[in-house]
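Order of appearance sets the numbers: ligands from 1, and atoms from 1 within every ligand. Position 1 is the first residue of the sequence, and the numbers go up from there.
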Amino acid sequence: MDSIRKYWKEEIIDELTHLQQILQKRSLVKADGGQSTWLHMDDRKLLNLSSNNYLGLAGDERIIKAGMVAAERYGGGAAASRLIVGNHPAYDEAESTLKQWKGTEAGLILGSGYTANVGIISALMGRNGIVFSDKFNHASIVDGILLSRAEHKRYFHRDLNHLEALLKGADPHKRKLIVTDTVFSMDGDVAPLEGLVELKDRYHAILMVDEAHSSGIFGYRGEGLTHHLGLQDKVDIQMGTFSKALGCYGAYVVGSQWLIDFLVNKMRSFIYTTGLPPFILGSICSAMQIVQTEQGRREKLFNHSEYFRTSLSRFGFRMDESETQIIPLIIGSNEQTVRFSQRLQEEGIAAVAVRPPTVPEQQARIRFTVMATHQRNELDWAIEKIVQVGREIGVIL
Ligand SMILES: *Cc1c(COP(=O)(O)O)cnc(C)c1O
């Protein structure tokens with residue numbers, strides 16, 4: 001026994017050492033105030049250009065209050081899974097609001113976006129299915145496909161021609177699912193949804209979109225990219241999260257009644273898990289109301305994104321096709337990216353180095369995100385520092 005344990009430990013420590021050597025070892029750093037535009041990390045005050053709290057709602061008093069009211073009324077925990085006795089009344093209210101917001105027949109609120117993707121895909125697809133998935137899709141989509149045991153066809157990032165070739169070559173009798181992020185989390189670029197709808201019709205597939213970074217951001221009432229493009233009746237499955245622009249926690253899936261009925265019966269990460277705490281449902285409900293009416297937040301965010309992106313690109317930073325609030329500076333090597341990130345932190349900017357396996361090899365980057373609640377002069381200050389550090393370590397001339 002003991003020698004087996006010793007062997008395991010050595011192997012694991014070797015692996016950690018290897019990660020350290022290639023500058024891919026991660027560790028937890030205490031971050032206080034990640035909801036705000038300024039935060040404290042390691043006792044240093046930093047401008048927050050790293051959160052997903054795009055609209056600044058994570059600290060919103062109204063949302064916190066609504067959560068507290070729901071907790072007082074319905075309790076601290078759900079006490080069971082939803083199909084047992086955990087389907088407390090706060091669910092009903094939040095799911096009605098969800099359906100109205102998205103204008104769909106049915107909707108379901110789920111645990112995190114991660115468990116949502118894993119559960120939806122593995123419920124719908126089995127050994128005989130084929131999933132066509134953008135190469136840059138989120139890890140939770142990849143894990144859902146693996147768990148489903150379906151055939152996994154990855155198409156080149158946003159490449160409709162490649163996708164079509166794969167669809168053409170596939171067995172016409174198999175169940176086919178096309179799945180994509182609407183806004184890609186590490187690149188800030190946007191999926192070609194119109195083209196995907198055309199292809200799914202032509203090849204009799206079902207289309208699922210992940211609106212994690214577009215829900216609350218696109219569409220007049222923040223419904224998402226699908227509505228922004230007027231495709232809500234064409235996209236079969238819209239999934240998204242409450243954890244990013246909405247500033248809460250949890251996820252949703254909306255679509256036809258038959259789809260939701262099926263998920264309630266077959267989705268294992270929905271069935272075999274405790275219902276969300278009432279606090280979360282209360283806060284989600286409030287966030288959905290705020291996000292539909294406060295268009296000013298979206299306008300501010302768009303203006304800030306545009307400004308930050310064009311200002312930095314003028315200095316020669318590589319940011320590829322970003323057109324949203326997610327603005328990556330693609331550096332390449334882990335070494336230079338980690339140095340860039342460290343230097344920015346010393347200058348007072350929270351800028352996290354994103355490395356493989358989150359992004360492809362030699363495409364390490366700093367992933368900046370702007371917030372509606374940033375001030376223009378804070379962005380100007382940050383741009384100046386980023387340019388200065390970029391020159392200092394040779395990322396730009
Ligand atoms: C963040 C994210 C998720 C996971 O959502 P959580 O609620 O954080 O678990 C899923 N998909 C995409 C595209 C994401 O960016």
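- Using the six-membered ring where Trp is involved, Tyr74 and His88 have ring planes that are parallel, under 30° apart on the 30 and 60° scheme.
- With 3.5 Å as the limit, one finds no donor-acceptor pair spanning the side chains of Gln20 and Thr17.
- Among residues two or more places apart in sequence or in another chain, the ring-ring contact (aromatic ring centres under 6.0 Å, His included) test is passed with His157 by Phe136, Phe184.
- By the 6.0 Å contact criterion, CZ on Arg62 is enclosed, its count of non-hydrogen atoms from other residues, nucleotides or ligands being greater than 12.
- For Phe279, the ring-ring contact (aromatic ring centres under 6.0 Å, His included) test picks out no residue, with sequence neighbours left out.
- Scanning for ring-ring contact (aromatic ring centres under 6.0 Å, His included) contacts around Phe156 gives His162, with sequence neighbours left out.
- Contact residues for ligand 1 (protein heavy atom closer than 4.0 angstrom to any ligand atom): Ser112, Gly113, Tyr114, Asn117, His138, Ser140, Asp181, Ser185, Asp210, Ala212, His213, Thr241, Ser243, Lys244.
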